Engineer: 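Structure provided below as structure tokens; questions to follow.
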Amino acid sequence: MYNHQEIEKKWRIIWDKTKIDQVKLDNKKPKFYALDMFPYPSGVGLHVGHPKGYVATDIIARQKRMQGFNVLHPMGFDAFGLPAENYAIKTKTLPQVQTKKNVEIYKKQLEQFGCTYDWSREVNTTDPAYYKWTQWAFVQMFKQGLVYESHAPINWCPSCQTGLANEDVEDGKCERCGAVVEKKPLRQWVIKITDYAERLLNDLDQLPEWEESIVQMQKNWIGKSEGATIKFKVKSSPARNASRSDAGGKLKDYELEVFTTRPDTIFGCTYLVVSPEHKLIENLEAGIWNLEEVKKYIDGVKNKSDLERTDLNKDKTGVELQGVKAINPASGEELPIFVADYVLPDYGTGAIMAVPAHDERDFEFAQKYGLEIRQAVKSDGDKKFIKLKVHKVYKVEDELFCGDGTVINSDFLNGLKTPEAKEKMMAWLEEKELGRRQVHYKLNDWVFSRQRYWGEPIPLIFCASCAEKVKSSKLKVESKGEQLNPGWFVDENLPITLPEVDHYEPTGTGESPLANIDEWVNTTCPHCGGPAKRETNTMPQWAGSSWYYLRYCDPHNDKELISKKAEKYWNPIDFYIGGAEHATRHLIYARFWHKFLYDSGVVSDIEPFRKFRQVGLILAEDGRKMSKRWNNVINPDEMVERFGADALRVYEMFMGPFSQATAWNTNGMTGARKFLDKVYNLKLKVKSLKLKEITPIQSLLHKTIKKVSHDIDNLALNTVVSALMILVNAMGDEEQIAQGDYEILLQLIAPLAPHLSEELWHELGHSSSVFCSAWPVADEALLKDEIVTMVVQVNGKVRANLSVPADAEQKDIEEVAMADERVKNWLADKKIVKVIYVKNKLINFVINAKNAN
RNA sequence: GGACCAGUGGUGGAACUGGUAUACACGCAACACUUAAAAUGUUGUGCCUUAACUGGCAUGUGGGUUCGAUUCCCACCUGGUCCACCA
């Protein structure tokens, strides 16, 4: 048993003093950039799940350093944002103060795990010297017209009292606090991330070293669908019994655009649906005979939360717009129009052509309201694609078919297969100017405003008088952003610092708490010098984390976000590790931000993260997620104290495949610790004399070198540990161990268990760190076994094992194999039809199957 | 409903491009050491059969390809993750 507390403390102090992890840009050396997703210091500290990812990155960083790479392995803190602010409110402290405290706690914990970072490069998103560049990037986006002010209804969290991006909503609830999210119209800043949708999608192909599942998630989130927008003429006649004064007037023609991915089914369209928010209703008020009913329906929908509204189990509801008809551009037929909340306002055009025979939702709606269901596609196979919802009982059984097939009942499209019909219909629409090809994405523009205090101030100023002038074209403004957002100007005096205040609780009015600070809000217009006001919304948490990895490369540069030299040398990131929950948030935002910086000439790669691997969760011993609620949280500090950081590291890596969720088991910790004790005890067998002969251990040793090196690269750390265990067990069986062999063992274990390895390394007489030694390379000559075990099979079933010299001839093996008593019995008098021979592996006699049994 | 992933002993899991299934670890059992326990060490440990050799059966279920399938193909069942009235 070694004293882990003493040894670990000792080496942490020495590593810190010798600055072993500080790196400098060195063009003569190859670089390696190993990065973790930086944490936000939330006040409750780290649990055992956190170190899993950090330790893995630390292992890679240490190994790469030993392999001669100039390794950048930094850490920082994502300290802005809701959790930090909510925690500060709860504890009645200032977020600035609270954040500082939390960072200290996190740093101490991180160091205690034996992860050594280059702290001289630490970044903190709340540092004005850092967020100056977050604001700078935003300013560039604004100038290029990627930022716009919007008043559209967005997700609003009533508990956090702030607007949220789509990415922040999970299951209709606020990702932070779990409150049911409402739709609320709110003035907000929005970034046109959708301008990058196509590139965000296509460039995923440039990332072969990303896990497929993450790539898929991003593809789903971006959600590209190709189809057409089609124009339907709308006819209406004045309301018959309207009491309104304008009711008798002439009504204008109206065109309703719908988006569909199945233009080929247009002849099966039997009605149209618009979302309750659609402007058609406003525009045609005078022509809607049952306006009261329609308005009542819309009001009812507006009072529903998003969660209720999108509940799939609820009945579809809707109201027909009486007096209004649409004309099918293909058939000329008159169709009724409905308003229904199963059509979403913010996807496509907010209006659809309903084809109940070929769309499940339309089918359900048509069934309920007794609308015609008309076939336009026939299935090609025998299969009837009947989809029946479990909670519904449909009388008609064969009318719904959602797949590809052959077009029927459709005039000039008849007989065509679905893809050809789509193509022909789109060409027809384009020719007649009745529609066009259109691509839509599920990805929405990025709602970038938060009505909260603890975030980066948005560096914009509004001047009311300039706004008027821009609108009336009396004032020409330079940038696209200023044209797009009349009266808004950039404040270039970055950083725009967050003022220190006594009260920062959210106001709940849709205004940020900053709005109450007059001396901060009131300023002068950068354009005319007149009185103007600052933007009081702040940026979301994701802003600062979208580019932090660049800042580590050049953390103290006050002239630019990153110098060209540092950017060229350190980027892209070679290995990035973090949680899969960021697949559709941080990893999308960061890729977008990076691409924007690429377009702006700041960075030279189109993608920031060459290789990404997700960390699997560590579950509690009961198999559930660790949570205070279940009282099943394992405290890493306690584990480090009882078993040591090295044991914790070894155990967490050994638990199972890195990306997979695995349940914690404290018994496993004792296993990891026993292994380390064995390594420690082997020291007694070490003989300084180098043994001349090649021992069986050396063959295993070199195989282990090969396996460990290979598996670390692939992040197969569980098998790294097991390979080392096998080696250590074998060494334990030896009478004595050559010092050279033992040193190699220590080097292989060093990334996993740095403290113990360093201690033993020095006990052998080394004066420099084991991490300054060169990573061992397997000697190919020693990898080969002289004697191999071969398997003898009869008809594919194992019947005997043979120990034979390696690379023996097939003829000789056959002879030996057939001489074996057991094999003889199986072969007996049977005729050998075929012999399969795999060198050094197996020999398989195939005998006549009929006679064999 | 869709996308993706997974299903191997009592448990976590291993098995490279199809080639000895169950490595490694935990747990369990017996033994040793001990007054005793803990710790440590040794041995055993998929199921059935057998005193043993042996033989048979086993990688969610059912089929297929193959000399040979945990691995490849088809269908189904179960679980997980993400997305979801996205037209």
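Just the heavy atoms: all of them, side chains too, but no hydrogens, waters or symmetry mates, feed the values below. Treat the numbers as computed from the prediction; the structure is a model and nothing was measured.
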Engineer: Which one is paired to B/rA6, where only Watson-Crick or G-U wobble pairs with both distances under 3.5 angstrom count?
Structural biologist: B/rU78
Engineer: How many Å lie between CD1 on A/I813 and C1' on B/rG19, as a whole number?
Structural biologist: 15 Å
Engineer: When both hydrogen-bonding distances must be under 3.5 Å and the geometry is Watson-Crick or G-U wobble, what is B/rU42 paired with, if anything?
Structural biologist: B/rA30
Engineer: Could you tell me whether A/Q793 contacts a base, only the sugar-phosphate backbone, or nothing, with contacts defined as non-hydrogen atoms closer than 4.0 Å?
Structural biologist: base
Engineer: Would you say A/Y589 and A/E167 are linked by a side-chain donor-acceptor pair, where the criterion is simply a distance under 3.5 Å?
Structural biologist: yes
Engineer: With a sphere of 6.0 Å drawn around NZ of A/K368, does it hold more than 12 non-hydrogen atoms of other residues, nucleotides or ligands?
Structural biologist: yes
Engineer: Kindly say whether A/D445 contributes a backbone atom to a donor-acceptor pair with the side chain of A/T194 at under 3.5 angstrom?
Structural biologist: no
Engineer: Take atom CG of A/N220 and atom C1' of B/rG1, then tell me their distance rounded to the nearest Å.
Structural biologist: 13 Å
Engineer: Of the nucleotides B/rC4, B/rG55, B/rG13, which one has an atom closest to the side chain of A/Q216?
Structural biologist: B/rC4
Engineer: Consider the side chain of A/W221, meaning its heavy atoms from C-beta on, and name the nucleotide among B/rA14, B/rA84, B/rG19 that approaches it most closely.
Structural biologist: B/rA84
Engineer: Please check the phosphate of B/rC57 (OP1 and OP2 only) for any side-chain N or O of A/K797 closer than 4.0 Å.
Structural biologist: yes
Engineer: To the nearest angstrom, how far is A/Q438 atom CD from B/rC86 atom C1'?
Structural biologist: 14 Å
Engineer: Under 4.0 Å between a side-chain N/O of A/W826 and OP1 or OP2 of B/rG55, yes or no?
Structural biologist: yes
Engineer: B/rU34 and B/rC57: how far apart are their P atoms, nearest whole angstrom?
Structural biologist: 49 Å
Engineer: Keeping the roles fixed (side chain from A/D646, backbone from A/L756), state whether a donor-acceptor pair exists under 3.5 Å.
Structural biologist: yes
Engineer: Counting only Watson-Crick or G-U wobble pairs whose two distances fall under 3.5 Å, which nucleotide matches B/rA52?
Structural biologist: none
Engineer: Under 3.5 Å, is there a donor-acceptor pair between the side chain of A/R374 and the main chain of A/F267?
Structural biologist: yes
Engineer: With rounding to whole Å, what would you report as the distance between B/rG41 and B/rU49 at their P atoms?
Structural biologist: 34 Å
Engineer: When the C1' atoms of B/rG46 and B/rA14 are considered, how many whole Å apart are they?
Structural biologist: 15 Å
Engineer: Would you please classify the geometry between the A/H440 ring and the A/F259 ring as parallel, tilted or perpendicular, with 30° and 60° separating the classes?
Structural biologist: perpendicular
Engineer: Determine the interatomic distance between P on B/rU65 and the same-named atom on B/rA87; round to the nearest Å.
Structural biologist: 40 Å
Engineer: What is the glycosidic conformation of B/rG9: syn, defined as within 90° of 0, or anti?
Structural biologist: syn
Engineer: Distances under 3.5 Å only, N/O to N/O: pair up the protein atoms with those of nucleotides 23-29 of chain B.
Structural biologist:
from: B/rA25; atom 1: OP1; to: A/N729; atom 2: ND2; distance (Å): 3.0
from: B/rC26; atom 1: OP1; to: A/K674; atom 2: NZ; distance (Å): 3.2

Engineer: Between A/E257 (CD) and B/rA87 (P), how many Å, whole number?
Structural biologist: 17 Å
Engineer: Could you pick out which residue, A/E581 or A/N801, lies toward the 5' side of RNA chain B when each is mapped onto its nearest nucleotide?
Structural biologist: A/N801
Engineer: Base, sugar-phosphate, or nothing: which does A/V343 touch, judged by heavy atoms less than 4.0 Å apart?
Structural biologist: base
Engineer: Could you tell me which residues satisfy ring pair (Phe, Tyr, Trp, His ring centres under 6.0 Å) with A/Y369, sequence neighbours excluded, listed by chain and number?
Structural biologist: A/F365
Engineer: Please name the nucleotide paired to B/rC72 by Watson-Crick or G-U wobble geometry with both distances under 3.5 Å, or report none.
Structural biologist: B/rG64
Engineer: In whole angstrom, give the distance that lies between atom NZ of A/K839 and atom P of B/rU17.
Structural biologist: 21 Å
Engineer: So A/V720 and A/M653, do their side chains get closer than 4.5 Å, heavy atoms only?
Structural biologist: no
Engineer: What is the nucleic acid contact for A/R799, judged by heavy atoms within less than 4.0 Å: base, sugar-phosphate only, or nothing?
Structural biologist: sugar-phosphate
Engineer: In whole Å, I'd like the distance from the CZ atom of A/F658 to the P atom of B/rG13.
Structural biologist: 15 Å
Engineer: Say we look at B/rU71 and B/rA58: how far apart would their P atoms be, to the nearest angstrom?
Structural biologist: 14 Å
Engineer: Please state the C1' separation for the pair B/rG60 and B/rU8 - nearest whole angstrom.
Structural biologist: 10 Å
Engineer: How far apart are the closest heavy atoms of A/A56 and A/I577, and which atoms are they?
Structural biologist: CB-CD1, 4.0 Å
Engineer: Evaluate the ring planes of A/Y271 and A/F338, with Trp represented by its six-membered ring, and classify them as parallel (under 30°), tilted (30 to 60°) or perpendicular (over 60°).
Structural biologist: perpendicular
Engineer: How long is the line joining NZ of A/K703 and P of B/rC16, in whole Å?
Structural biologist: 16 Å
Engineer: Between atom CG in A/N840 and atom C1' in B/rU20, what is the gap in whole Å?
Structural biologist: 14 Å
Engineer: Under 4.0 Å: is that the gap between some side-chain N or O of A/Q660 and OP1 or OP2 of B/rG12?
Structural biologist: no
Engineer: Nearest to the side chain of A/K841 - B/rC16, B/rC67, B/rA3?
Structural biologist: B/rC16
Engineer: According to a strict under-4.0 Å criterion, is A/R822 in side-chain N/O contact with OP1 or OP2 of B/rG55?
Structural biologist: yes
Engineer: Could you check which nucleotide pairs with B/rG1 in any of the strands shown, counting Watson-Crick or G-U wobble with both distances under 3.5 Å?
Structural biologist: B/rC83
Engineer: Heavy atoms from C-beta onward define the side chain here; which of B/rC85, B/rC83, B/rC4 lies closest to that of A/K316?
Structural biologist: B/rC85
Engineer: Say you pick atom P in B/rA52 and the same atom in B/rC48; how far apart are they, in whole Å?
Structural biologist: 13 Å
Engineer: Can you tell me how far C1' in B/rG12 sits from the matching atom in B/rC73, rounded to whole Å?
Structural biologist: 31 Å
